[in-house]
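This report concerns only the one structure given below.
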Amino acid sequence: MSASPKRIELPALFRSTDRAEHGLSRYQLTHSRGATRIHRGVYEDAGRSSVVNAPRWAGPTWVEVRQRLAALQTVGTGAIGSHTTAALLLGLPTPYGSEALLHVTVPHGTRPLRRPGVVGHESRHLEPRGHCGVHINRGDLVVHELAGHLPAGDLVAVFDALLGTWQDTPDLTVDELRSLLTGRRRYRGRRTALDALARARAGVRSPGETRTRLAIVAAGLPEPEVAPAVRLPSLPAVIHPDMAYVGPRIAIEYEGPQHRLDESQWDRDIERYGALVRHGWIVIRITRRTSAARFCREVREALELRAVPV
């Protein structure tokens with residue numbers, strides 16, 4: 001992790017065979033409120049905690065998934081976090097909730113793990129790395145796993161993240177990411193990954209921006225530039241709208257939840273939007289609740305107003 005981690009306290013995990021060390025009988029293990037079963041043979045002890053160094057951006061879903069993976073590894077299954085499980089823990093965007101299936105991989109020739117709530121895989125391409133107290137597959141191998149696991153649109157979001165500055169993901173260049181995807185001659189989803197790379201863009205700052213851009217293109221509209229540099233006489237520094245058509249002066253801003261919660265960010269947004277409008281820009285603001293049909297209609301109307309062929 002590139003930024004200073006935050007320390008979080010989580011309930012201590014223990015195997016059922018170690019229940020006596022936690023002051024529990026066999027009956028209390030299954031009937032006590034102090035113990036919660038996570039997987040077969042492993043429990044959380046509500047009365048004891050362990051401290052984990054987590055990424056500064058880690059939220060409830062990250063914590064839940066990390067704890068479920070740690071519990072699975074506590075009982076010595078040999079399973080390594082992989083696919084969307086590893087991607088989430090690394091900060092890559094995936095369509096993943098805390099209730100989703102846990103993806104784990106074992107070495108080739110080993111029987112994949114079969115448990116409720118768990119999807120087991122086996123692979124020759126497995127190189128475990130320690131990460132926040134659990135073991136996950138090496139980052140570049142996780143990208144290959146995702147290529148055969150995610151639809152193209154979700155892969156574009158992953159690649160946007162790798163080419164951008166999301167959370168603590170590595171900032172790759174397009175050439176570096178292309179080398180990662182072509183370095184292995186054969187893997188499931190290779191063609192899908194290369195197609196997604198052609199649609200990925202550097203400078204994207206959130207999954208919402210990716211979804212917005214892809215929806216605009218899917219509607220048959222011209223693709224907007226991502227984070228172009230715009231200089232306005234009334235502002236002291238160059239600004240970078242999330243997306244824009246610079247020539248006709250149309251800016252598209254995706255408002256994530258953090259914009260409302262961070263007062264300083266909100267103040268900067270208001271100043272920037274006001275300056276854009278004063279200098280003749282059309283500003284289209286979008287949230288995660290804005291339907292694709294609505295914002296695509298607004299973009300189309302703005303382009304037509306500025307006499308841009310659509």
Side-chain angles (χ1 to χ4, degrees), residues 92-93 95 147 150-166 169 171-178 181 191-235 237-256 259 268-310:
L92 294 172
L150 294 179
D154 291 330
L155 268 183
V156 174
V158 169
F159 296 164
D160 277 1
L162 292 170
L163 296 173
T165 56
W166 297 15
T169 57
D171 303 336
L172 301 180
T173 66
V174 172
D175 288 342
E176 288 171 337
L177 182 52
R178 182 177 294 108
L181 296 175
R191 173 50 57 188
T192 302
L194 293 175
D195 290 344
L197 176 62
R199 301 163 61 194
R201 300 292 179 263
V204 182
R205 289 168 287 200
S206 75
E209 294 178 31
T210 298
R211 290 191 296 270
T212 299
R213 185 182 81 254
L214 295 182
I216 290 171
V217 174
L221 298 168
E223 182 176 345
E225 290 184 62
V226 171
V230 174
R231 182 174 290 281
L232 301 174
S234 60
L235 294 181
V238 171
I239 63 172
H240 296 270
D242 293 335
M243 287 160 278
Y245 302 98
V246 177
R249 290 183 294 178
I250 301 169
I252 304 166
E253 297 281 8
Y254 183 85
E255 309 284 4
H259 290 255
R268 291 193 298 271
D269 290 345
I270 294 298
E271 180 184 18
R272 186 170 73 253
Y273 300 157
L276 285 165
V277 171
R278 287 194 303 274
H279 290 284
W281 284 69
I282 297 172
V283 180
I284 299 170
R285 299 172 66 186
I286 298 167
T287 72
R288 62 184 175 184
R289 294 182 180 274
T290 309
S291 70
R294 175 182 167 183
F295 67 69
C296 285
R297 183 176 64 251
E298 292 183 12
V299 170
R300 185 181 298 276
E301 290 172 351
L303 290 168
E304 291 174 346
L305 184 64
R306 293 293 164 86
V308 176
V310 294

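Below, all heavy atoms of this structure are taken into account, side chains as well, without hydrogens, waters or symmetry copies. Computed from a prediction, not measured in an experiment: that's the story for all the values here.
- Within the 4.5 Å cutoff, no side-chain heavy atoms of Thr192 are placed close to those of Leu150.
- Shown here are the side chain to side chain donor-acceptor pair (under 3.5 Å) partners of Arg211, two or more places apart in sequence or in another chain: there are none.
- Residues passing the side chain to side chain donor-acceptor pair (under 3.5 Å) test with Arg285, sequence neighbours excluded: Glu255.
- Partners of Arg294 by side chain to side chain donor-acceptor pair (under 3.5 Å), not counting sequence neighbours, listed by chain and number: Glu298.
- In terms of modelled atom types and a separation under 3.5 Å, the side chain of Glu209 and the main chain of Arg205 share a donor-acceptor contact.
- The shortest non-hydrogen separation linking Pro224 to Ile216 is CD-CG2, 4.0 Å.
- Ile239 is listed as a side-chain neighbour of Leu276, based on a closest heavy-atom distance under 4.5 Å.
- Closest approach of His240 to Ala227, counting heavy atoms only: ND1-O, 3.1 Å.
- The only member of Thr212, Val204, Ile250 that meets side chain to side chain contact (heavy atoms under 4.5 Å, CB included) when paired with Met243 is Thr212.
- Evaluation of the side chain to side chain donor-acceptor pair (under 3.5 Å) rule for Glu223 yields Arg201 as partners, not counting sequence neighbours.
- Every residue two or more places apart in sequence or in another chain that forms a salt bridge (charged side-chain N to carboxylate O under 4.0 Å, His left out) with Arg178 is listed here: Asp175.
- Residues forming a side-chain contact (heavy atoms from CB on, under 4.5 Å) with Glu301 (at least two apart in sequence, or on another chain): Arg297.
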#### Entry: Trace of the side-chain contact (heavy atoms from CB on, under 4.5 Å) decision for Arg213 with Asp160
CA-CA 11 Å; Arg213 185 182 81 254; Asp160 277 1; 3.0 Å; yes
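- Shown here for Ala244 and Trp281, the closest heavy-atom pair between the two residues is CB-CZ3, 4.1 Å.
- In this structure, Asp242 contributes its side chain and Tyr254 its backbone to a donor-acceptor pair below 3.5 Å.
- Residues meeting the side-chain contact (heavy atoms from CB on, under 4.5 Å) test with Ala218, sequence neighbours left out: none.
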### Task
May I have the step-by-step check of side-chain contact (heavy atoms from CB on, under 4.5 Å) for Ile252 and Phe295, ending in yes or no?
CA-CA 9 Å; Ile252 304 166; Phe295 67 69; over 6 Å; no
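- Nearest heavy-atom pair, Val156 versus Arg199, reported as atom, atom and distance to 0.1 Å: CG1-O, 3.8 Å.
- Between the side chain of Tyr245 and the main chain of Pro222, a donor-acceptor pair closer than 3.5 Å is present.
- Residues passing the salt bridge (charged side-chain N to carboxylate O under 4.0 Å, His left out) test with Arg191, sequence neighbours excluded: Asp195.
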Please tabulate, for side-chain N and O atoms in residues 303-310, each donor-acceptor pair with protein atoms closer than 3.5 Å (sequence neighbours left out).
{"unit_1": "Arg306", "atom_1": "NH1", "unit_2": "Pro248", "atom_2": "O", "d": "2.5"}
{"unit_1": "Arg306", "atom_1": "NH1", "unit_2": "Arg249", "atom_2": "O", "d": "3.2"}
{"unit_1": "Arg306", "atom_1": "NH1", "unit_2": "Gly280", "atom_2": "O", "d": "3.4"}
{"unit_1": "Arg306", "atom_1": "NH2", "unit_2": "Gly280", "atom_2": "O", "d": "2.9"}

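- When the salt bridge (charged side-chain N to carboxylate O under 4.0 Å, His left out) test is applied to Glu225, no partner is found at least two apart in sequence or on another chain.
- Scanning for side-chain contact (heavy atoms from CB on, under 4.5 Å) contacts around Ala275 gives Leu232, Ser234, Leu235, Arg278, with sequence neighbours left out.
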